[in-house]
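Since the structure is predicted, the reported quantities are computational estimates derived from the model, not experimental observations. Just so we're on the same page: letters track the sequence lines, and every chain starts at 1.
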Amino acid sequence: MSTLEPVPSSERVPTMQRILDNTFLLLFLGVTIPTVLYILWGVMELVSIPLAK
Amino acid sequence: MTAETVIGAVGKQAEFRTCQYTGLKVDVAAQTLIKANAVAAVVFLLIGGLLGLSVALTRWPAVHLLPAEWFYLALTGHGANVLLFWIIFFEIAVLYFASAVLLNCRIAAPKFAWLGFILMIVGALLTNYAVLQGDSSVMFTSYPPMQAAPNFYLGLILFAVGALIGCVIFFATLVIAKEERTYEGSVPLVTFGAITAAIIAVFTIASGAVILIPTWLWSLGLISNIDPLMYKLVWWAMGHSTQQINVSAHVSIWYLTAALLLGAKPLSEKVSRTAFFMYILFLQLASAHHLLAEPGLDSSWKIVNTSYMMYLAVLGSMVHGLTVPGAIEAAQRKNGYTKGVFEWLRKAPWGNPAFSGMFLSLVMFGFIGGISGVVLGTEQLNVLMHNTLYVPGHFHGTVVTGTTLAFMGGTYLVLPLIFQREIIWPKLAKLQPYLFGIGAAGISLFMMGAGTLGVPRRHWDITFSDAPIAFAHSAGAFLMMGLNGISAILAALGGAIYVIVVVGTVLFGKKIVGGHKLTFPLHSGGGAAVSHYGSEGAVKLPGTIILITIFFVSFVLYYFINWKYLSELWLFH
Amino acid sequence: MAVFPPKERIWWNEPIERVELIWIGVAFLWGLFMFGFMITWHFIGQQNLNKEAYRIAPSVYETKVEEFAKKYQVREEQGVPVVKPPAGADVYILGRLWQWWPVLELEKGTSYRIHLSTIDWMHGFSLQPVNINISAYPGYEHVFTLTPTESGEFGIVCNEFCGIGHHTMTGKIYVKDQKQAEVNQRLVAER
Ligand code: HEM
Ligand SMILES: [Cu+2]
Ligand SMILES: [Cu+2]
């Protein structure tokens, strides 16, 4: 098992690491980005196809 | 609010055993669930593999095994059983392993997990039943307005709900592990990869629900119309994203195998995790690969999505393509294989099917599946190969030589570590990844070749003998289909050996007891080897640099060859 | 090891291997290049699929195609009209179970506005052996400009599964080289 080295309490965990350690934030990003860029944008493209003249 | 109040007090008194090889604490309930899911996966691989062989033999013009109706039925069954059922059952096993086992934690709500398992089984059987009845030969993509029997869609929906439960259990287990402090700091890299897979799975399953539930209602006559273009757009949010679950899962298995067998550690945690982060953000956009030859979608939408946002997710894969062999090289050099550029690779445990499966998967996923995928997914180049056999050629490179082979290799770790059985017929097992790998590489390459020559996918007769307006493909195309058939036999043989070894081991393998030496040993220092920062600064990696350079040159050349080919086409705009 | 938590609590500040750094740079730039090249091809390339499309009832589309075929029909082949539209004309192609209809006769080097749709299921327009592949949908009329650059006899096969007759679904396009034909005629006349 890994034994952790003691972390000086003054040392802050960097923001990027905190983001990567935050599973539910990642879940939110991983669902939102494709929903907006792929699905919503794509559906908007399709519904704006005009009727044939 | 604690995890307990959210998840309920189920399984509080979990029962653990300690793994004698890795020192990990294994929840017995999780272990049983992993076993059940892995066994189900193998059964569906067997069914789907046999169907795949029959499809390939039918597409071999000289053999032309099945009549047309049976061919289309078998092809529908092949797609559903291997792509969905085999892969996803195995992935649920991976999720439980990466959460409960790697985090030394009890699994959340095992009863609920069993409910998910049963739903998946019922769903898979129902869909297979609908396919076998013969009125659902719509291919696993089931594009409307072509309609399958309601049970076909219902089965898929049930299966998806079951898989979603698996994901929920996974996330809940992560929460418990954190609360009960079963690990310290950040989760292991392999678990982080599994988190990536599970996140993509949530998006995948949600998209599947959005499109399959209305389609099911439509097949019951409750909805009058499903727009085919809209269906295809949303369906691929599920269909392609499943492939991205696979990528995340098999990359995790690469890291896992390298760690367990060689004591390899990522070159740097930061880089490998950021690569997975790119997957989480952008990999799923590639669903647009399937809509590049469609009307009505703007090029800006196509380009942003098909490029995974400026190829940032491809960047992720290319990084793993460096860090996995890099980590192996670093570990091997530390293990003493320092001569020349490639001693580390030559003296790697090639006789261990877990390693050979993993390494072949790594190489072939990159060279065959990866490069062809980027080319196929380039907005303009797609028109050269859209819906030709090139497409199945490409994804057999990803999902067969990549994912399936990695999972097969991983199985040779699961059998001793989770099933606690000694692998029977180790000689056969040794051979298996090579046989399957060569066969699978063959079907990928020859189908890509045939597609380049214009042969359509999902097609019973490329002589067009019953067509009123005659057409025939070139002799080269026929040759490709023949070579594809031969490769299919090799792959099927490799697949059959896999199934036999797994089933034989599960049923008859010698029970592993204390002090047991494994036939295929793990890295001896497995439990202890930890350094400060990954392998950073330890050694130079000339072998990996050469491998990655060869890869890059092939990639660039192949990319431009296709542009050249495109520029010679008729003009259209 | 990748199966245990990173030993350093704060791993984000760890240094990165040089080879990793270089590779990330190379891969990133290559990605940017590929991204940019797709955009660039819209300006420098001659092969870009048009997005122009209209919603249309399949029966309406069928009528349009039939009118088109009647207007420019020059002969018949196996019961299928062979249609020779004038240069620059609107050309209609119809996919249905199980044929691409009608047969076309085009001229090399001439641009046509192609309309592509189906009236029943999805079909895959696959021009062979040129290898131009475009999906066709019922209810959507896809319009793009096509310029043949070689003469000869070309097949259209269906590469979207469309039921039990999928493998019998074909069509045909003849491309005539008008200039070459004129040169030949002159040669004959001179002789
Ligand atoms: C014994 C090994 C295998 C053989 C010989 C084989 C062969 C084939 C062939 C010949 C096709 C038909 C291509 C066409 O006509 O369009 C096909 C389709 C396909 N295969 Fe496999 N395959 C094998 C294993 C797998 C595995 C392990 C997976 C997934 C993990 C897979 C996924 C698929 C899918 C998704 C399709 C497309 C089905 C469709 O077009 O609806 N195959 N395979
Ligand atoms: Cu068709
Ligand atoms: Cu068809």
Side-chain angles (χ1 to χ4, degrees), chain B residues 68 102 139 143 145-146 183 185-186 188-190 228-229 255-256 259 265-271 293-298 303 307 310-311 314-315 318 322 378-380 383-384 386-388 454 456 458-461 464 466-469 471 529-530 533 536 541 545 566 569-573, chain C residues 1-9 11-12 14-17 19-20 23-24 27-28 31-32 34-35 38-39 41 45-51 53 78 121-122 124 126 128-135 137-138 140 142 144-149 155 157 159-161 164 167-168 170-172:
Chain B
L102 288 186
M139 305 295 130
Y143 293 141
M146 199 182 282
Y183 69 98
S186 307
L189 180 61
V190 173
L229 199 46
Y255 281 113
L256 174 79
K265 52 184 80 75
L267 297 179
S268 77
E269 292 280 349
K270 172 157 85 174
V271 170
E294 328 299 303
L297 291 158
D298 196 68
I303 290 177
S307 69
M310 304 194 294
Y311 291 102
V314 172
L315 176 64
M318 289 173 75
L322 170 86
T378 300
E379 191 207 357
Q380 293 91 346
V383 87
L384 287 169
H386 181 73
N387 271 347
T388 67
R458 299 172 164 174
H459 200 277
W460 181 67
D461 178 20
F464 298 89
D466 299 330
I469 300 176
F471 180 77
V530 192
Y533 291 123
E536 189 275 326
L541 306 169
I545 293 173
L566 181 79
L569 238 49
W570 294 12
L571 320 181
F572 52 91
H573 59 83
Chain C
M1 288 216 301
V3 291
F4 296 117
K7 185 168 183 215
E8 297 287 335
R9 176 66 191 98
W11 41 263
W12 186 259
E14 68 186 292
I16 302 178
E17 278 272 354
V19 38
E20 274 187 299
W23 178 239
I24 291 170
F28 177 73
L32 268 191
M34 291 193 295
F35 180 71
M38 285 195 283
I39 300 171
W41 195 259
Q46 307 277 0
Q47 290 86 5
N48 289 288
L49 195 56
N50 191 7
K51 80 169 232 185
Q78 275 130 1
W121 288 346
M122 280 180 67
S126 176
Q128 294 301 335
V130 185
N131 225 358
I132 293 178
N133 305 282
I134 301 169
S135 284
Y137 289 79
Y140 290 95
H142 190 182
F144 52 93
T145 306
L146 182 71
T147 314
T149 55
V157 307
N159 66 10
E160 185 66 76
F161 174 65
I164 191 64
H167 50 270
T168 64
T170 51
K172 195 180 258 185

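Although no hydrogens or angles enter the test, the distance criterion places no donor-acceptor pair under 3.5 Å between the side chain of C/T168 and the main chain of B/D466. In this structure, B/E269 contributes its side chain and C/W11 its backbone to no donor-acceptor pair below 3.5 Å.
Considering CZ of B/F471 and OG1 of C/T170, their distance stands at 9.5 Å, rounded to 0.5 Å.
The ring-ring contact (aromatic ring centres under 6.0 Å, His included) test applied to C/H142 returns C/F144, not counting sequence neighbours. With sequence neighbours excluded, the residues that form a side-chain contact (heavy atoms from CB on, under 4.5 Å) with C/F28 are B/L312, B/L315, C/L32.
Ranked by heavy-atom pairs under 4.5 Å with chain B, the list C/S126, C/P148, C/P129, C/G155 is led by C/P148. Interface remark: of the candidates B/M139, B/R458, B/E294, B/E294 forms the most heavy-atom pairs closer than 4.5 Å to chain C. Contact count versus chain C (heavy atoms, under 4.5 Å) is highest, among B/S307, B/A68, B/P456, B/A293, for B/A293. Chain C forms the most heavy-atom pairs under 4.5 Å with one residue out of B/V271, B/L256, B/V314, and that residue is B/V271. By number of non-hydrogen pairs under 4.5 angstrom with chain C, the leading residue of B/I469, B/L189, B/T388 is B/I469. Contact count versus chain B (heavy atoms, under 4.5 Å) is highest, among C/M122, C/Q128, C/Q78, for C/Q128. When the candidates C/Q46, C/H167, C/K51 are compared by the number of heavy-atom contacts under 4.5 Å with chain B, C/H167 comes out ahead.
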Exercise for review: For side chain to side chain contact (heavy atoms under 4.5 Å, CB included), just list the numbers for C/E160 and B/Y143, CA-CA rounded to whole Å, side-chain angles, deciding distance to a tenth of an Å, and then say yes or no.
Suggested key: CA-CA 10 Å; C/E160 185 66 76; B/Y143 293 141; 3.4 Å; yes

Exercise for review: Apply the test side chain to side chain contact (heavy atoms under 4.5 Å, CB included) to residues C/M38 and B/Q380: give CA-CA distance (whole Å), side-chain angles for both, the deciding distance (0.1 Å), then the verdict.
Suggested key: CA-CA 7 Å; C/M38 285 195 283; B/Q380 293 91 346; 3.8 Å; yes

Practice item. Show your reasoning for whether side chain to side chain contact (heavy atoms under 4.5 Å, CB included) applies to B/I303 and C/F35. Key: CA-CA 7 Å; B/I303 290 177; C/F35 180 71; 3.5 Å; yes

Exercise for review: Would you sort out whether B/H386 and C/I134 count as a side chain to side chain contact (heavy atoms under 4.5 Å, CB included), showing the intermediate values?
Suggested key: CA-CA 7 Å; B/H386 181 73; C/I134 301 169; over 6 Å; no

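A 4.5 Å side-chain heavy-atom check between B/L322 and C/E20 finds at least one atom pair inside the cut-off. Residues B/L566 and C/W41 form a side-chain contact, since some pair of their non-hydrogen atoms from C-beta on lies under 4.5 Å apart. Between C/I16 and B/K270 there is a side-chain heavy-atom pair separated by less than 4.5 Å. With a 4.5 Å cut-off on side-chain heavy atoms, C/N133 and B/N387 do not count as touching.
Looking at every heavy atom in both residues, C/L146 comes nearest to B/F572 through CD1-CB, 3.9 Å. Scanning all heavy atoms of the two residues, the minimum distance from C/S135 to B/P295 falls at O-CD, 4.2 Å. The two atoms that bring B/A259 and C/A2 nearest to each other are CB-N, 4.0 Å, heavy atoms only. Nearest heavy atom pair, residue B/W570 against residue C/T147, reads CB-O, 3.5 Å. Of all heavy-atom pairs between C/W121 and B/M146, the closest is CE3-CE, 3.3 Å. Here the closest heavy-atom approach between residue B/S186 and residue C/P5 is recorded as O-CB, 3.1 Å.
Only the backbone of B/L297 comes within contact range of chain C, with at least one heavy atom under 4.5 Å from a heavy atom of that chain. For a residue to count as touching a neighbouring chain, one of its non-hydrogen atoms must lie under 4.5 Å from one of that chain's; by this rule C/Y137 touches chain B with the side chain only. Contact of C/W12 with chain B is made through backbone and side chain together, with heavy-atom distances under 4.5 Å. Both the backbone and the side chain of C/Q47 come within contact range of chain B, judged by heavy atoms closer than 4.5 Å.
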